[in-house]
Structures are given as structure tokens and as C-alpha cells.
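Here is the naming used below: chain letters follow the sequence lines, and residue numbers restart at 1 for every chain.
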Amino acid sequence: MHQTNSFLFKSLNNEQLQAVKHVYGPLLVVAGAGSGKTKALTHRIANLIQNNSIDPYNILAVTFTNKAAKEMKARLEVLLAQELAFNQFGQPWSTLKEIDQNQLRTNVSQDRLHDLWIGTFHALFSRLLRYDIEKYIDPEGLKWTRQFSIYDETDSQTLVKEIVTQDMNLDLKRFDPKKIKRAISNAKNQCLTSNELEKKADNHFDRVIADAYKKYRISLSKNNALDFDDLLLLPVFLLRQNDLVRDYWHKRFKHILIDEYQDTNRTQYELIKLITTGNSDPKKFINWEGRSIFVVGDADQSIYSFRAADFRILIGFQEDFQNPLNNNEKSSLIKLEENYRSSSNILNAANSLIENNAERIDKVLRSTKEEGELLKLLSCDDEISEAEAITNKLKSLNNSNQQPKWKNFAILYRTRAQSRVLEESLVRWRIPYTIFGGLRFYDRREVKDAIAYLKVLINSDDNVSLLRIINVPRRGIGKTTIQKLNDLSNKLNIPLWEVLNDKQSIEETIGRSSKGINKFTELMNDLLCYVENTGPAQLLQLILEKSGYLSDLLASGTEESEDRRNNLQELINAATQFEEETENGNIEGFLSTAALTTDNDKENNNPNSVTLMTLHNSKGLEFQNVFITGLEQGLFPSYRSIDTPSLLEEERRLCYVGITRAKERVFLTHARERRLWGGMREATIPSIFISEIPDDLIDGELPQTSGASLRRDWHLDRLTRVDRNNSNESTNKPVNAVRKLYSGPSKGKNWLIGDKLIHTKFGKGEIIHIFGSGEKISLAVKFGDKGSKILDPRLAPIRAINKNS
DNA sequence: ATGTAGGTGGTTTTT
DNA sequence: CCACCTACAT
């Protein structure tokens with residue numbers, strides 16, 4: 001080993017070192033929060049390339065977000081550039097001028113890392129499909145070309161709705177397209193075809209879904225389009241059926257690395273198996289010569305089961321990928337249990353919390369830091385005083401600083417809806433903040449319009465996009481006209497785009513209205529001349545000018561239209577940047593990027609601001625100070641999860657993720673009352689999670705805005721220790737234990753689980769849970785078609801009904 | 001063909 | 001509370 005490589009191994013602990021030095025065969029790295037897993041991943045890739053002469057061309061690295069991919073690539077560049085620095089300049093990296101450092105990084109990026117594939121599952125496999133999709137032979141005879149469109153959630157839902165209402169003639173009330181889309185998505189993520197789903201269906205609703213799935217697929221194919229799930233599912237089918245294609249990718253990707261393995265789903269797992277093992281059964285697969293699979297994850301941070309992620313895939317890794325050369329099972333598992341992020345108080349709180357979960361891998365997180373401060377509980381009157389209490393805290397913690405360090409704070413919440421009140425308070429106190437998530441840049445109307453033009457230009461079968469822009473800007477093409485042309489297209493079985501281009505038929509079918517259509521086809525045909533030799537940026541410019549989109553915006557002269565123009569300029573900038581980054585920047589590639597990029601992937605343009613985001617979005621990040629807000633039963637944990645032990649455990653993992661983001665301070669906040677959607681106030685019960693953190697790690701504190709609030713009064717009679725004692729026995733028990741304990745006397749009526757009652761607004765219901773005890777209880781009541789509600793028996797307009805009546 | 005008023009229904013989390 | 005959709009008027 002060269003001496004110059006030593007920095008690669010420096011500053012690593014024993015386990016990290018083992019992981020980094022792993023070269024061939026399967027390895028599972030169980031990496032707790034803040035244990036340096038990104039470091040292990042990047043250093044290992046560098047070690048493969050630098051010290052084991054492995055060609056980056058043979059490496060596939062999968063990350064959970066585009067941002068993580070970017071960061072990992074950047075870190076890799078630096079690691080490899082450090083070696084180069086030594087060879088070229090004969091001096092260590094840190095002594096080089098910045099300009100030389102950048103030059104070296106560029107060299108590394110272009111020469112060494114050019115062929116390395118690193119990105120999300122979706123980004124990587126859409127790329128694979130752009131090469132090979134035309135080799136796929138569908139059993140139902142469906143076809144796609146490499147110019148396929150990628151439909152986002154809205155586009156796909158449009159399609160599903162069309163199918164449900166027009167093709168299947170179903171009642172929208174009973175068969176909500178959203179729910180059907182969700183069910184189809186679920187099936188696709190479990191690697192099920194519509195036929196397989198049909199076989200499994202044992203009731204009418206499931207059969208409807210299977211049927212919708214089948215029709216939806218046909219419809220996607222007619223549009224030459226794929227949804228997000230297809231980007232993973234289609235490669236599975238392609239690799240299964242085509243030996244040549246599978247062989248190619250199997251031989252190419254000899255070293256596969258996957259981050260956040262606990263959040264992979266069945267389809268992604270299939271993909272990985274196919275590429276890693278070729279066509280052999282992974283359990284019998286023995287030829288690890290020159291190959292490896294290296295996965296990193298933490299089952300305690302699995303928070304995407306709603307997206308069909310399954311952390312049991314992580315748990316099964318060693319079983320799935322065996323290495324007969326190593327009889328010792330332990331040789332394919334490394335645990336990173338040293339936490340370098342959080343103070344020990346924070347870590348202990350997180351550990352205590354997560355111990356309440358039954359389904360876990362045995363793992364502990366050891367602290368390397370000082371005790372630090374206690375966690376602070378802020379009990380507030382309502383959501384407004386919660387926001388005020390948080391801003392007060394922000395201000396007071398920054399008081400001593402000349403320059404406020406807003407970037408050291410994150411405010412996390414369970415649902416996006418919670419952000420508004422928080423924002424209002426931050427605005428009031430002029431505290432700079434950045435909200436992550438929300439409306440994607442690429443989801444803005446004007447941006448989607450421009451993108452739709454691009455999509456139609458390279459994929460004229462894409463009717464969802466075609467119909468989006470056919471009358472944008474206004475060309476006098478209305479609903480009835482479109483209806484007629486669509487009918488004609490269906491009758492003749494000719495793509496809509498071709499119908500539009502048949503001047504004679506158009507004239508005959510719609511008469512006077514054909515003027516607008518002709519205007520549209522002339523524009524598009526003109527633009528088509530540029531497609532071959534023009535990059536996405538310039539083509540966008542042409543689209544916006546020639547269509548009159550820009551001049552329309554200019555003419556209206558409102559503030560809003562000004563915004564829109566700016567966004568379109570930003571889109572063109574993004575296209576330019578894409579061209580620069582990809583050298584052969586083709587339009588298909590740009591469209592993939594547009595479909596798969598979220599705003600979270602962008603650099604924050606206000607670097608010194610408070611971060612607001614969902615707990616889900618916070619995974620993988622770290623902050624000095626973290627607020628975890630809305631800790632109330634029914635909000636966090638969500639009312640949809642409270643009844644189901646496995647879902648409740650996932651909420652608990654989410655809380656665990658939140659707490660472990662913090663380095664120095666954690667604030668837990670809850671409101672005693674919360675307005676649900678503006679209107680009525682509802683009394684709340686503090687989240688069970690608060691009570692699962694040991695008393696001596698929490699410091700209760702009065703929120704500064706409300707003088708009268710009590711100090712953790714509810715806390716005195718909490719009853720959750722029993723819950724904890726039972727938690728190791730089975731997943732079902734803890735909740736049952738809680739149920740019994742929580743039933744208690746209340747004013748007027750002694751409510752019990754199973755009691756039936758009548759609510760003036762929601763009608764008849766049954767109590768499925770009772771939270772709290774003594775005076776302060778809340779009832780979880782299930783109302784037939786109205787779903788479940790959390791009610792305060794002292795306030796809600798309810799009365800008991802006789803069991804016999 | 002287009003604009004707007006009024007009703008309706010919906011909130012987890014996301015690539 | 002708000003975004004979306006439908007129905008009606010222009």
C-alpha cells in the first residue's frame with residue numbers, strides 16, 4: 001500500500017476501517033444515526049478505485065436523494081484529488097491554492113469519475129431505460145421508445161381518472177382515482193403485474209384495481225410514457241427476459257453500493273439481485289470473484305413503508321447474499337455503533353424512545369460526546385403560541401451572538417400543513433427561514449407548460465402533455481373541439497398528433513375551429529425542425545418565443561406574470577447548466593432530470609436561515625438545534641397509525657430520526673389545543689413519544705408567551721412504563737396494554753373501549769382507543785364512513801348509546 | 001370559448 | 001382553511 005493513501009484510512013474507527021477496506025463479496029453495514037456511514041461509503045469507493053485498481057466504470061452507487069448523490073460525488077472528487085495533489089505538486093492538499101484545488105477536482109471529475117454511475121434508483125434506471133427500453137418485449141404487446149415521457153403524480157392521476165370515468169364507467173365517489181393510483185403504485189412497488197394482482201384479488205374492489213392497473217398500463221404505453229414506479233419495474237422485466245441486456249449490466253456493474261438500504265422496496269430489491277447475480281439464484285450464487293455488493297442502512301430509520309419500502313429486506317441481506325468462502329456469518333456484517341453527532345443526553349433520549357419498538361435489529365448507539373443539555377419540552381396553549389414559543393427560543397438563543405446563526409436551527413413537523421403558522425410567526429419576527437419541500441420548481445404551471453412542449457416535440461404520442469399545451473397560450477381551442485378530435489383519433493385508431501396534422505379531416509370535423517388547430521400544428525412543425533440540432537436550453541427559448549408564451553406574460557404586466565417569466569428564465573438556466581454538466585446534453589436526459597429533481601436537491605440560496613421541513617425530509621441531515629413540533633396524539637403519531645402497531649412503530653422511528661438530527665439541543669413542542677382546518681379548536685393529548693423519553697432527560701419549560709400554562713402537569717400521571725415493559729414480547733401487546741390502562745373515569749361518563757356513541761355531526765361511532773387518564777382523556781372514535789376522530793369527551797357533542805339499541 | 005361564483009371535499013409522509 | 005371542480009353566465 002502506498003504511503004500517500006494513508007489519509008483515506010486516517011480518522012476512521014475500527015469498524016469504519018473494516019468497511020472501507022472491504023473489496024469483494026457481500027457486506028451489510030448496519031450504521032446507526034450519525035455513525036459516519038457516508039464517510040464509510042465514500043472512502044470505500046475511493047479505496048476501490050485508488051488502491052484496488054477498480055475501474056469506476058464498474059461501480060454503481062445508489063443514494064436515496066439526488067442531493068446525497070451530488071454530495072457523495074463531491075466528497076469522492078476531493079478524496080481522489082488529494083492523492084493527485086501529492087503526485088502532481090508533491091505537497092498535501094490543504095496547502096494548495098484554491099484555484100489549484102478546483103482544477104484538480106475538475107480533472108478528477110472528468111477523467112476518473114466520468115463513467116461512475118451514482119444517483120437515486122429512479123435516476124439510474126431511467127438512464128438504463130433510455131438505452132435499452134426498445135429491447136423490451138411485452139407479453140401484452142405494449143411498446144415504448146427511448147423518447148418515453150416520465151409522468152409525475154399529477155399526470156398519472158389524470159390518466160387514471162380518465163380510465164376510471166371513461167373506460168370503466170365507475171362512480172368517482174366510490175372509486176377515488178387517487179386511491180386506485182395508490183393501490184396500483186403499491187402493486188408496482190411489490191413487483192406485481194396486473195395479472196398477478198388479479199389472481200390475488202379476493203373481492204370486488206381488488207378486482208377493479210387489477211383491471212384499472214391493466215388498462216392504465218395500456219394507456220401509458222399509448223402515450224409512450226412511464227410513471228415513477230415503471231422506472232424500476234420495467235427494468236426488472238427487461239432484465240429478466242433479455243439475457244444479453246442482463247449480461248451487459250451484470251458485467252458492467254461489478255461493484256454495487258446502496259445507501260439507506262432499509263428503505264428499498266421489493267422491486268428495487270429484484271433489480272439489485274438481477275444485476276448482482278446475473279440470472280443465478282443469489283442464495284446459490286457463489287462467484288464473487290471480482291464482484292461485491294455493499295449495502296448500508298439502519299432499520300431504526302426506516303420511514304418509507306407508505307412507499308412500499310420494507311426494512312425486512314435489510315434484515316434478510318445476509319441470508320440473501322451469501323458468501324460460501326466465508327463460513328463465519330459475522331464476516332458479512334459490520335456494525336457502526338459509535339455516534340459522532342449528538343450529545344449523550346440526546347442520544348440516550350433517542351435510544352430510550354426506540355427501545356419501545358419490538359421489531360428491531362440488535363444495535364446500540366454509543367455516545368462519543370459530552371452529556372450536554374437536557375431536552376426541553378415546550379407545552380403551549382395552541383398552535384400559535386407553539387410557533388411563538390419557538391421563535392422566542394430562536395431569538396433568545398441568538399441574543400448573545402453578534403451575528404445570528406439561523407442556519408443552526410431546524411424546525412421539523414409531521415405534516416406540511418403545520419408549516420404555515422410557523423412561517424407566520426417567523427415572518428412577524430423577521431427571522432430568515434427556508435422551507436424545504438412544498439411546490440416543486442418543476443411543478444409550477446409555467447414550467448410544466450414549457451416542459452410539456454419539449455415532451456411533445458420529442459414524443460408526439462404524449463397526449464397528456466399535448467392536451468396541456470394545445471390551447472396554451474390561447475388559440476381558441478375549446479373543450480368540445482378537443483372532445484371531437486379525441487373521438488376521431490380513437491375511432492380511426494390514429495394518434496391524436498397525426499389527426500391534428502390531417503388538415504382535411506380537421507376541416508370536416510370541426511369546421512371553423514380548425515384555425516386554432518392549424519396555428520398549433522404549424523408552430524409545432526416549425527419547432528420540430530430544430531429538435532435534431534438544438535440543445536434543450538435554446539429549444540426552450542424558441543418554444544417560449546415562437547408560441548407567444550413570453551409575449552403574453554409580458555403583455556399582462558402583473559406581478560404574477562413577472563414571477564412566471566423569472567421562473568421560465570430559471571428553467572432555461574437549469575437547461576444550460578444541464579448541457580454543461582453532461583456534455584452531450586440531450587433533451588431526453590434533461591426531461592428525466594426535470595421529472596426526478598426535487599427542490600430539496602438544490603443548494604439553499606439563503607445559507608443563513610432557519611430550516612423548516614417535514615421529519616421525512618430531515619433524514620440524513622444534521623443541525624445544531626432541532627425543534628420537533630406538534631407532538632400530539634393523532635398528529636404525531638398520525639391518527640392513521642395509532643391503531644396499528646407496525647405503523648405506530650414507524651412513527652416512532654420517525655421521531656427517532658428527528659431527535660438524532662440534533663447535535664446540541666432538542667426542543668419538543670406540543671399544543672394543548674389545535675385548530676384543525678381553521679375552524680374548531682380541538683383539545684389534544686401530548687404524544688406518547690414524549691412519555692417514552694425518561695423524565696430525567698427532559699426539562700419542562702413554560703413557553704414564554706403563555707404565562708398561565710401548567711408545567712408538565714399531565715406528565716405526572718402518565719402510564720407508559722407498562723407499555724415499555726411489554727414491548728419486547730410482541731408487536732401487538734404494547735398497544736393493548738395501553739388501551740386497558742388508559743381507560744379511566746371522566747366527568748359524567750365512564751368511557752370504555754368498544755362503547756358506542758352518537759356525535760351530532762359525525763353520527764354513530766365506536767370508541768377504539770382512549771388516551772390519557774383521569775380528567776384529561778381523549779377518545780379515538782371510529783365513525784362509519786367519516787373515518788376516525790380524536791375527541792375530548794368534555795367538549796365534543798356526543799352521548800352514549802345503549803349497546804342494545 | 002372563456003371567466004367566475006359557489007359548492008365540495010380533503011391532510012401524512014415522496015421518488 | 002384552501003384548492004379544485006362544476007355549473008352557469010358572458
Base, sugar-phosphate, or nothing for A:Asn617, non-hydrogen atoms under 4.0 angstrom?
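A:Asn617: backbone/sugar contact only, no base atoms under 4.0 Å.
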
Please collect all side chain to side chain donor-acceptor pair (under 3.5 Å) contacts where either partner lies in residues 473-483 of chain A, sequence neighbours excluded, each pair once.
A:Tyr453-A:Arg475, A:Gln483-A:Asp487

Pairs: protein N or O with nucleotides 8-11 of chain B N or O, under 3.5 Å:
from: B:dT11; atom 1: OP1; to: A:Lys178; atom 2: NZ; distance (Å): 2.9
from: B:dT11; atom 1: O3'; to: A:Arg640; atom 2: NH1; distance (Å): 3.0

Residues 166-191 of chain A vs ring-ring contact (aromatic ring centres under 6.0 Å, His included), sequence neighbours excluded, gives A:Phe175-A:Phe205

Applying salt bridge (charged side-chain N to carboxylate O under 4.0 Å, His left out), can you list everything that pairs with A:Asp229, at least two apart in sequence or on another chain?
none

Go through the structure and list residues passing salt bridge (charged side-chain N to carboxylate O under 4.0 Å, His left out) with A:Glu260, not counting sequence neighbours.
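Expected list: A:Lys37, A:Lys619.
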
Using a cutoff of under 3.5 Å, can you pull out all pairs of nitrogen or oxygen atoms linking the protein to nucleotides 1-3 of chain B, with atom names and distances?
from: B:dA1; atom 1: OP1; to: A:Gly478; atom 2: N; distance (Å): 3.0
from: B:dA1; atom 1: OP1; to: A:Thr481; atom 2: OG1; distance (Å): 2.9
from: B:dA1; atom 1: OP2; to: A:Thr480; atom 2: OG1; distance (Å): 2.8
from: B:dT2; atom 1: OP2; to: A:Asn471; atom 2: ND2; distance (Å): 3.1
from: B:dG3; atom 1: OP2; to: A:Arg474; atom 2: NH1; distance (Å): 3.0

With salt bridge (charged side-chain N to carboxylate O under 4.0 Å, His left out) as the rule and sequence neighbours excluded, what pairs involving residues 436-447 of chain A come up?
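Residue pairs passing salt bridge (charged side-chain N to carboxylate O under 4.0 Å, His left out), neighbours aside: A:Arg440-A:Asp443, A:Glu446-A:Arg564.
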
Quick one: which of C:dC5, C:dC2, B:dT13 gets closest to the side chain of A:Arg420?
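That would be C:dC2.
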
Nearest to side-chain heavy atoms of A:Tyr304, which nucleotide of C:dC2, B:dT15, B:dT14:
B:dT14

Return the set of residues passing side-chain hydrogen bond (donor to acceptor under 3.5 Å, both in side chains) with A:Asn66 (not counting sequence neighbours), or none when no residue passes.
A:Asp601

5' precedence on DNA chain B between A:Ser638 and A:Phe64 (nearest-nucleotide basis)
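Nearest nucleotide further toward 5': that of A:Ser638.
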
Side chains of residues 148-157 of chain A: which donor-acceptor pairs under 3.5 Å do they make with residues two or more places apart or in other chains?
from: A:Ser149; atom 1: OG; to: A:Asn459; atom 2: ND2; distance (Å): 2.9
from: A:Ser149; atom 1: OG; to: A:Asp462; atom 2: OD2; distance (Å): 2.7
from: A:Tyr151; atom 1: OH; to: A:Asp462; atom 2: OD1; distance (Å): 2.4
from: A:Asp152; atom 1: OD1; to: A:Thr154; atom 2: N; distance (Å): 3.0
from: A:Asp152; atom 1: OD1; to: A:Asp155; atom 2: N; distance (Å): 2.8
from: A:Asp152; atom 1: OD1; to: A:Lys448; atom 2: NZ; distance (Å): 3.4
from: A:Asp152; atom 1: OD2; to: A:Lys448; atom 2: NZ; distance (Å): 2.7
from: A:Glu153; atom 1: OE2; to: A:Lys181; atom 2: NZ; distance (Å): 3.1
from: A:Asp155; atom 1: OD1; to: A:Lys448; atom 2: NZ; distance (Å): 3.2
from: A:Asp155; atom 1: OD2; to: A:Asp152; atom 2: N; distance (Å): 3.4
from: A:Ser156; atom 1: OG; to: A:Asp152; atom 2: O; distance (Å): 2.6

Between A:Gln190 and A:Asn265, is any pair of side-chain heavy atoms under 4.5 Å apart?
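They are not in contact (no side-chain heavy atoms under 4.5 Å apart), so the answer is no.
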
